[in-house]
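Let me begin by presenting the structure, written as structure tokens, before commenting on it.
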Amino acid sequence: MKLVVVGGVAGGASAAARVRRLDESAEIVMFERGEDVSYSNCSLPYYLGGLVENSEALVLMTPTKFKGEHNIDVRVNSEVTAIHRETKTVTVKNTKTGETYEESYDKLVLSPGASPIMPKSIKGIDRENVFSVRNVTDIVGVKSYIDKTGAKDIIVVGGGFIGIEVAENLKHVGKNVTVVEGLGQILAPFDLDLVQILQKELYDNGVGLCLSSTLTAIEDGQVVCTKDGKEFTLPADAVVMSIGVAPETKLAAEAGLEIGATRGIKVNEHMQTADPDIYAVGDAVEITNALTGKPGRLALAGPAQWEARAAADHMCGRNASYKGFIGSSCIRVFGLNAASTGLNEKTASAAGIEFDYVNVYPYDKVKIMPNAEPMAFKLVYSVPDGKILGAQAIGKGDATKRVDIIAALIKMGGTICDLIEVEHCYAPLFSTAKDVVHMAALTAENILEGRLKQVHVKDVRGIVESGAYIIDVREAWEYELSHIKGAHNIPLTELRDRLDEIPKDIPVYLHCRTSQRSYYAYCALKARGFDNVVNLSGSFLGVCLHEYFNDKTTGREPIVTDYNFK
């Protein structure tokens, strides 16, 4: 078999290496139009901040290493410009000399990736101080320009994962950084109630956020943006564009291969295109969301590698398939770790799934241990069956550990009851006996079975502003430090002696710091005939984290007397 691979990095390089492991006699040729065939694109932003000290470290494999270790013929600066299916050949152009030639194949793997979106509608998009971040050459160009010119004010356009990582790393080296994002939040995989925590972290670390804002022009020393129909300007010595990527499908389309509804190359479960001898993997393909069954695209290295493995196995005669993605991702934002998997509120709603969710804020390890910190955790599940749909976690501790547990259960079709029974490693330095994920599952089970009524943290402002009856069951000293405005302080330790103060004819909303004590209060009151009680999901800590960023940046009236996160 002669295999030709178009494009390297996670998808193409993984497919080529896997075929070599399965078939030592195969002839394998890999074409890459850029300078580097295999590099850590996910690590690119960290070169800006110095965590990766030199650009050479970003390059994982060279053509020489591919030849020596895998006997794979890698040709860089070589762009495949056409596929001739009838003759099973491709046209290759040397990007340095312009020379073209034909190369034959038995099997072909397309891994062209996706290109950064650079809208021509933005005036000045072609200026020398405007950059995208796709490969090693790009990131070296950004750093070289900043170092050479002494650029101080940097605008990052786009609040996705790459944009936020670029912003953080530039801030670490002393730049004035502002993120301009067209949506009302950054990091779309997170729901607004959780992402507020990350927006607060950016704000606290001096990164500017212009949400619901659109970049319209890049001028000398500034950019022009619009928000709510009004123009404003920001100082800008350099601009990094990170508003998304578009799949590179031109080559496939011109060869008559089918392009899917999401503009990716359409493939089957074996990663085959409409031509059974042509496979496609990586950022350019349309694959299936395993939870919704609908087509989608996912520009992540992990899925690209699994797609590549499925394609390689299948072309080598193994019974292999890729069963679809659920979308797991993570990021560090200054002092916080964040992770998400599966569906969030937005995507579950769009899929027409009936769902509910819980927000919990327990400690990530035993409270008396050093560095014990609260972790915000959101669990999304379908009703009434309790099937797990997704999760999001943010905290100073190990958020990825918690979300990985959920991702594994989602892949296995797990439910809330399954999550309750998960046995995890426990020692006080690592977690609590009932871990964060268990606390979420137990809360969800109580709600599903009607033992607990809750109101979501995003609805608390409306409840407070309506003058509802709220009971803060924390101790008096905690209440004095800070509390929700209008809340009545009846500590849990005094609750049973002060039942006559609690009305029975109107809703009564209970909260403490993280919902644990308020749940105890809820149970006690329910047992004494109070059928009007409701627990505030997330309690005081959740409210503070949810409200802080908007209160600080919009000047609206806070619903707490002071933002006390201790």
Side-chain angles (χ1 to χ4, degrees), residues 42 45 114 116-117 119 132-133 156-168 178-203 207 209-215 227 240-247 261-264 283 286-287 289-292 294-303 325-333 336-353 355 357 359 376-380 389-394 399-400 403 406-407 410 456-458 545-546 549-550 553:
C42 298
I117 297 172
S132 62
V133 177
V156 177
V157 185
F161 285 85
I162 295 296
I164 296 304
E165 289 168 346
V166 166
E168 177 188 349
T178 300
V179 176
V180 177
E181 168 57 51
L183 299 177
Q185 68 166 80
I186 61 170
L187 300 172
F190 295 88
D191 284 318
L192 188 59
D193 51 3
L194 265 287
V195 86
Q196 296 284 21
I197 303 169
L198 299 177
Q199 293 177 168
K200 172 188 180 298
E201 186 73 0
L202 289 167
Y203 176 86
V207 174
L209 282 181
C210 294
L211 303 175
S212 303
S213 301
T214 304
L215 182 77
K227 180 176 182 177
V240 179
M241 299 295 298
S242 183
I243 60 175
V245 294
T262 64
R263 298 180 294 114
D283 297 356
E286 177 180 275
I287 47 182
N289 185 308
L291 283 162
T292 67
K294 296 180 180 180
R297 289 187 292 108
L298 193 65
L300 292 174
F325 69 92
I326 61 174
S328 301
S329 54
C330 58
I331 188 172
R332 185 195 70 184
V333 181
L336 295 178
N337 304 308
S340 68
T341 190
L343 303 181
N344 57 26
E345 286 187 68
K346 299 181 290 290
T347 51
S349 294
I353 298 173
F355 71 94
Y357 61 90
N359 290 46
F377 188 86
K378 181 171 185 173
L379 183 65
V380 183
L389 300 176
Q392 301 154 50
I394 300 175
T400 59
V403 169
I406 304 303
I410 290 174
H456 294 303
V457 67
K458 66 181 181 181
L545 290 169
H546 184 265
F549 174 75
N550 282 331
T553 56

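Just so you know, these numbers come straight off a predicted model, no measurement behind them.
Looking at residues two or more places apart in sequence or on another chain, you find a salt bridge (Lys or Arg N to Asp or Glu O under 4.0 Å) between K346 and D191. Residues satisfying the salt bridge (Lys or Arg N to Asp or Glu O under 4.0 Å) criterion with E345, sequence neighbours excluded, are K378, K458. With sequence neighbours left out, R263 forms a side chain to side chain donor-acceptor pair (under 3.5 Å) with no residue at all. For P303, the side-chain contact (heavy atoms from CB on, under 4.5 Å) partners at least two apart in sequence or on another chain are L298, L300, E307, Y322. Not counting sequence neighbours, S212 has no partner by the side chain to side chain donor-acceptor pair (under 3.5 Å) test. Among residues two or more places apart in sequence or in another chain, the salt bridge (Lys or Arg N to Asp or Glu O under 4.0 Å) test is passed with E181 by none. With sequence neighbours left out, S213 forms a side chain to side chain donor-acceptor pair (under 3.5 Å) with no residue at all. For F377, there are no ring-ring contact (aromatic ring centres under 6.0 Å, His included) partners, not counting sequence neighbours. V403 is linked by a side-chain contact (heavy atoms from CB on, under 4.5 Å) to A339, T341, A393, counting only residues two or more places apart in sequence or in another chain. Among residues two or more places apart in sequence or in another chain, the side chain to side chain donor-acceptor pair (under 3.5 Å) test is passed with T292 by none. For S132, the side-chain contact (heavy atoms from CB on, under 4.5 Å) test picks out P116, M118, D138, with sequence neighbours left out. With sequence neighbours excluded, the residues that form a side-chain contact (heavy atoms from CB on, under 4.5 Å) with A338 are F190, L198, I331, I394.
Heavy atoms only, all atoms of each residue included: F355 and S349 are closest at CE2-OG, 3.3 Å. Taking every heavy atom of both residues into account, N344 and P189 meet most closely at ND2-O, 3.0 Å. Among all heavy-atom pairs drawn from E168 and V333, the shortest one is OE1-CA, 3.7 Å. When all heavy atoms of A299 and V245 are compared, the closest pair comes out as CB-CG2, 4.3 Å. Closest heavy-atom contact between I326 and A290: CG2-CB, 4.1 Å. Taking each heavy atom of V179 and G159 in turn, the nearest pair found is CG1-CA, 4.0 Å.
In summary, of the residues considered (L194, I197, N359, V457), a side-chain contact (heavy atoms from CB on, under 4.5 Å) with H546 occurs for V457 alone.
Rounding to the nearest 0.5 Å gives a distance of 12.5 Å between CD of E201 and CZ of F549. Put simply, CG on N550 and CD on Q196 are 4.5 Å apart, with the number rounded to the nearest 0.5 Å. Considering CG of L192 and CG of L183, their distance stands at 11.0 Å, rounded to 0.5 Å.
Residues M241 and P119 have side chains in contact (heavy-atom distance under 4.5 Å, counting atoms from C-beta outward). Counting heavy atoms from C-beta on, the side chains of S242 and V133 never come closer than 4.5 Å.
No side-chain donor-acceptor contact under 3.5 Å links N289 to the backbone of L343. The closest donor-acceptor contact from the side chain of E286 to the backbone of P295 lies at 3.5 Å or more, if one exists at all.
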Report task. Take Q199 and L211 through the test side chain to side chain contact (heavy atoms under 4.5 Å, CB included) and record every step on the way to the result. Result -> CA-CA 10 Å; Q199 293 177 168; L211 303 175; 3.7 Å; yes
